[in-house]
Amino acid sequence: MPETHVIAGAGLAGAKAAEALRAEGFEGRIVLVGDEAEAPYERPPLSKDYLRGESPREQARVHEDGFYADHDIELLTGTTVTDLNAAARDVTLSTGERLGYDRLLLATGSEPRRLSVPGAELDGVHHLRTFADSDAIAAALQPGARAVIAGGGWIGMEVAASARQKGLDVTIVELEDVPLSRALGREAGLIYARLHREHGVQLHTGVAVARVEGEGRVERVVLADGRALDADLLVCGLGAIPRTVLAERAGLAVENGVVCDASLQTSDPHVFAAGDIANAEHPFYGRRVRVEHWANALNQPEVAAKAMLGKPATYDKLPYFFSDQYDAGMEYRGLAIGADAFEIDGDAEAYEFVAYWRREGRTIAAMNVNVWDVGDQLEEEILSRAI
Ligand code: FAD
Ligand code: NAP
């Protein structure tokens with residue numbers, strides 16, 4: 001009887017895992033179950049070129065048309081995995097079907113933290129995770145319209161840049177004093193704040209959105225300090241929450257995501273996890289790391305697939321992500337936890353520099369902005385644990 005491997009979640013991690021299982025020689029049944037109506041796609045363009053209407057939908061697809069059929073991968077779109085019974089080794093689908101598995105990969109990703117203030121349900125209030133969300137925001141990106149962005153994180157800053165590029169008036173409202181400060185720290189966050197101000201974005205920091213007002217649709221966004229901002233749309237980028245409900249219900253270890261060892265195996269030896277939800281032991285850091293970025297969802301599946309097939313496998317890549325805002329392209333490597341120094345090499349005024357986070361004189365993270373072909377060198381520097 002051929003084995004069946006089921007993948008819950010058909011985003012980047014799920015789709016790459018299906019590909020990797022075949023590439024690793026698995027000849028049994030692969031069922032890739034996704035609750036979206038779409039074939040798997042990548043999300044980075046949704047706040048950037050796709051949102052601005054500069055790249056077609058097809059460009060965001062993880063695989064070309066026909067890939068799943070050609071590789072005998074059963075892709076079930078519009079289908080939710082509603083339950084996981086780890087003891088019986090089966091999942092229940094929204095169609096009512098119960099599907100037994102030999103190995104299961106959880107790749108259910110994250111969902112947006114929703115704005116929860118009065119008026120958050122009004123038309124014109126958006127969150128951004130899916131093609132449909134991006135399409136709805138794109139339709140509202142009309143020149144001269146007034147966009148308020150709640151949250152100066154990655155979504156907030158990238159959507160703000162896209163909205164300015166489309167000719168909107170843009171205001172960002174961020175709880176912290178400096179946008180992106182949680183991800184990048186104060187100094188680097190200030191550089192991005194300046195970039196946006198130079199492009200005409202209004203930044204209101206250290207203040208929360210208190211309520212949204214309007215007749216049926218958003219007209220004003222009222223802040224906790226009483227200021228009222230006229231708005232035609234409000235885009236919320238308030239962080240993401242890993243979708244761990246299946247793992248929780250099945251009694252797997254869950255703590256800031258699904259707990260995994262370095263081979264991406266969960267606390268159940270037949271269940272694995274990859275992408276945004278995996279809080280995996282990282283050999284370089286000697287602790288668990290959960291990364292909510294594209295490269296992690298791209299690269300972890302190969303390791304998970306090997307481990308699902310009983311082959312030795314360890315995920316030890318350094319955390320990596322990128323962002324594009326206006327003409328500033330950046331890459332970031334490493335983890336800046338515990339940094340005691342921050343240095344810039346290059347021209348921060350011109351947005352052409354490499355930033356280094358150091359701990360006890362050693363580079364622990366680095367960000368190159370509009371400086372290219374330095375990635376390998378920066379990675380080596382971090383991995384060598386030397387200066
Ligand atoms: P997801 O992409 O969330 O995919 C999970 C899939 O599983 C979803 O389709 C979900 O609907 C489905 N699912 C969930 N539960 C179930 C269930 N029970 N049954 C069936 N299906 C289910 N990262 C970068 O490094 N650089 C960027 O520039 C960048 N830009 C981004 C822009 C946007 C707008 C967003 C939202 C994210 C961006 N990211 C970026 C982050 C990156 O896209 C994510 O880290 C990545 O999508 C994670 O992939 P994943 O497969 O783990 O999860
Ligand atoms: P994020 O980067 O975690 O940023 C969330 C921002 O919202 C933070 O600045 C946070 O401030 C703020 N915030 C939280 N609650 C708030 C509130 N009630 N009112 C106002 N601000 C509030 O998350 P995101 O931008 O929403 O992105 C969602 C996911 O997509 C993340 O996983 C992210 O990594 C991913 N993404 C990545 C990229 C990229 O890598 N280039 C691009 C887009 C999206 P505090 O710091 O004070 O909490």
Side-chain angles (χ1 to χ4, degrees), residues 7-17 32-38 40-48 50-51 60 62 76-84 91-94 106-117 127-131 133-134 137 149-159 162 172-184 189 204-210 223-224 235-246 257 273-278 290-298 300-301 319-325 329-332:
I7 301 169
L12 178 57
K16 292 303 282 185
L32 173 58
V33 190
D35 59 5
E36 295 189 60
E38 310 264 350
Y41 58 93
E42 303 190 10
R43 301 183 196 278
L46 273 48
S47 50
K48 309 180 190 72
Y50 179 77
L51 179 64
V62 179
L76 307 181
T77 54
T79 309
T80 307
V81 177
T82 54
D83 202 10
L84 161 60
V91 292
T92 307
L93 307 184
S94 47
L106 296 173
T108 46
S110 311
E111 60 193 314
R113 179 175 297 118
R114 304 258 153 199
L115 182 69
S116 59
V117 299
H127 295 79
L128 176 54
R129 188 79 197 168
T130 64
F131 260 145
D133 298 333
S134 185
I137 297 169
I149 315 274
W154 295 112
I155 289 210
M157 299 296 263
E158 292 182 355
V159 171
S162 289
I172 296 174
V173 180
E174 161 61 39
L175 271 176
E176 296 283 320
D177 290 343
V178 176
L180 290 176
S181 53
R182 187 170 298 205
L184 296 181
H204 296 313
T205 56
V207 65
V209 169
L223 308 188
V235 181
C236 305
L238 304 175
I241 302 168
R243 294 176 76 169
T244 53
V245 61
L246 290 172
D276 275 14
I277 60 161
R290 189 172 73 81
V291 178
E292 289 178 359
H293 292 289
W294 170 87
N296 185 67
L298 181 76
Q300 277 191 339
Y320 166 94
F321 63 89
F322 65 94
S323 178
D324 297 310
Q325 298 168 38
M330 70 86 105
E331 297 177 302
Y332 180 104

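Every number for a ligand or one of its atoms is a count from 1 in the order of the listing. Predicted model, so just to flag it, every value in this text is computed and none were measured.
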Do S134 and L128 touch side chain to side chain, with heavy atoms closer than 4.5 Å? yes

If you measure from each heavy atom of G152 to ligand 2, is any distance below 4.0 Å? yes

Of the listed options E292, K48, E158, E111, closest to atom 27 (C) of ligand 1 (non-hydrogen atoms): K48

Would you mind checking which non-hydrogen protein atom is closest to atom 11 (O) of ligand 1, with the distance to 0.1 Å? D35 OD1, 2.4 Å

In the protein, what heavy atom is nearest to atom 18 (N) of ligand 2, and what distance, to one decimal place, separates them? L175 CD1, 4.2 Å

Atoms of ligand 2 under 4.0 Å from any heavy atom of S323, numbered from 1 in the order shown, are 41 (N)

Is any side-chain heavy atom of T82 closer than 4.5 Å to one of S94? yes

Residue, atom and distance of the protein heavy atom nearest atom 51 (O) of ligand 1 read A13 N, 2.9 Å

re atom 40 (O) of ligand 2, the protein heavy-atom contact at minimum distance is H293 ND1, 2.8 Å

If you compare I155, V291, L115, I149 by their heavy atoms, the one closest to atom 25 (O) of ligand 2 turns out to be I155

Smallest separation among heavy atoms of V62 and A15, with atom names: CG1-CB, 3.8 Å

Heavy-atom nearest neighbour in the protein, as seen from atom 30 (O) of ligand 2, with distance rounded to 0.1 Å: R129 NH1, 4.0 Å

Geometric N/O contact H293 with ligand 1, under 3.5 angstrom: yes

Using a strict 4.0 Å cut-off to heavy atoms of F321, name the atoms of ligand 1 that fall inside it. 25 (O)

What part of R182, side chain from CB on, backbone N/CA/C/O, both or neither, has a heavy atom under 4.0 Å from ligand 2? side chain

Could you check atom 44 (C) of ligand 1 against the protein and tell me its nearest heavy-atom contact, residue, atom and distance included? D276 OD1, 3.6 Å

Mind checking whether V291 and F321 have side chains closer than 4.5 Å, heavy atoms only? no

Can you find an N or O of W294 that's nearer than 3.5 Å to an N or O of ligand 1? yes

Tell me which one of E174, E176, M330, Q325 gets a heavy atom nearest to atom 10 (C) of ligand 2. E174

Closest protein heavy atom (residue, atom, distance) for atom 49 (O) of ligand 1: A297 CB, 3.3 Å

Does any N/O atom on L128 come nearer than 3.5 Å to any N/O atom on ligand 1? no

Among all protein heavy atoms, pick out the one at the shortest distance from atom 53 (O) of ligand 1; state its residue, atom name and that distance to 0.1 Å. G109 CA, 3.2 Å

Write out the residue and atom name of the closest protein heavy atom to atom 7 (O) of ligand 2, then the distance separating them to 0.1 Å. G237 O, 3.0 Å

So is there a nitrogen or oxygen of L46 less than 3.5 Å from a nitrogen or oxygen in ligand 1? no

Contact (N/O only, under 3.5 Å) between E36 and ligand 1: yes

Please list the nearest protein heavy atom to atom 37 (C) of ligand 2 with its residue and the distance rounded to 0.1 Å. W154 CB, 3.7 Å

Please step through side-chain contact (heavy atoms from CB on, under 4.5 Å) for the pair M157 and I149, ending with a clear verdict. CA-CA 8 Å; M157 299 296 263; I149 315 274; over 6 Å; no

Quick one: look at S110 and ligand 1, take heavy-atom pairs under 4.0 Å, and tell me if it's side chain, backbone, both or neither. backbone

Atoms of ligand 2 less than 4.0 Å from E158 heavy atoms? 39 (C), 41 (N), 42 (C), 43 (C)

Please state which part of R43 comes within less than 4.0 Å of ligand 2, counting heavy atoms only: side chain, backbone, both or neither. neither

Between L223 and V209, is a side-chain contact (heavy atoms from CB on, under 4.5 Å) present by the stated rule, with each step listed? CA-CA 4 Å; L223 308 188; V209 169; 4.3 Å; yes

If you measure from CZ on R182 to CD on E174, what distance do you get to the nearest 0.5 Å? 8.5 Å

Between F321, Y332, F322, flag the one that comes closest to atom 41 (N) of ligand 2 by a heavy atom. F322

Rounded distance (nearest 0.5 Å) linking atom OG of S323 with atom CG of L180: 7.5 Å

Is any side-chain heavy atom of D35 closer than 4.5 Å to a side-chain heavy atom of R243? yes

Would you say the side chain of D133 lies within less than 4.5 Å of the side chain of L46, judging by non-hydrogen atoms? no

Answer whether the closest heavy-atom distance between the side chains of P179 and T205 falls below 4.5 Å. yes

Partners passing side chain to side chain donor-acceptor pair (under 3.5 Å) against E38 (at least two apart in sequence or in another chain): R57, R61

Atom 4 (O) of ligand 2: which protein heavy atom is closest, and how many Å away? G153 CA, 3.3 Å

Can you tell me if A107 contacts ligand 1 (heavy atom of the residue under 4.0 Å from the ligand)? yes

Strictly under 4.0 Å, does any heavy atom of T79 approach an atom of ligand 1? yes

In this structure, atom 23 (O) of ligand 2 is nearest to the protein heavy atom G239 CA, 3.2 Å

Contact region, D324 to ligand 1, non-hydrogen atoms below 4.0 Å, reads neither

Between E111, M157, E292, which one has a non-hydrogen atom sitting closest to atom 33 (C) of ligand 2? E292

So is W294 in contact with ligand 2, going by heavy-atom distances below 4.0 Å? no

Is L238 in contact with ligand 2, taking contact as a heavy-atom separation below 4.0 Å? yes

Evaluate W154 against H293 for side-chain contact (heavy atoms from CB on, under 4.5 Å), listing each step before the verdict. CA-CA 10 Å; W154 295 112; H293 292 289; 4.1 Å; yes

Geometric N/O contact V81 with ligand 1, under 3.5 angstrom: yes

Residue, atom and distance of the protein heavy atom nearest atom 2 (O) of ligand 1 read R43 NE, 2.6 Å

Note: I7 and A107 closest approach over all heavy atoms is CG2-CB, 4.5 Å

Determine, step by step, whether E36 and R43 satisfy the salt bridge (charged side-chain N to carboxylate O under 4.0 Å, His left out) criterion, reporting the C-alpha distance in whole Å, the side-chain angles of both residues, the deciding distance to 0.1 Å, and the verdict. CA-CA 13 Å; E36 295 189 60; R43 301 183 196 278; 2.9 Å; yes

Which atom of D276 lies closest to which atom of R129, heavy atoms considered: OD2-NH2, 3.2 Å

With a 4.0 Å heavy-atom cut-off (strictly under), which part of A8 contacts ligand 1: side chain, backbone, both or neither? neither

Between V173 and V207, which heavy-atom pair has the shortest distance, and what is it? CG1-O, 3.4 Å

Of the protein's non-hydrogen atoms, which lies at the shortest distance from atom 29 (C) of ligand 2, and what is that distance? A240 CB, 3.8 Å

Taking distance alone, with N or O pairs closer than 3.5 Å, would you say F322 contacts ligand 1? yes

Minimum-distance protein heavy atom relative to atom 39 (N) of ligand 1: P44 CG, 4.5 Å

Name the closest protein heavy atom to atom 7 (O) of ligand 1, giving the residue it belongs to and the distance to 0.1 Å. G9 CA, 3.2 Å

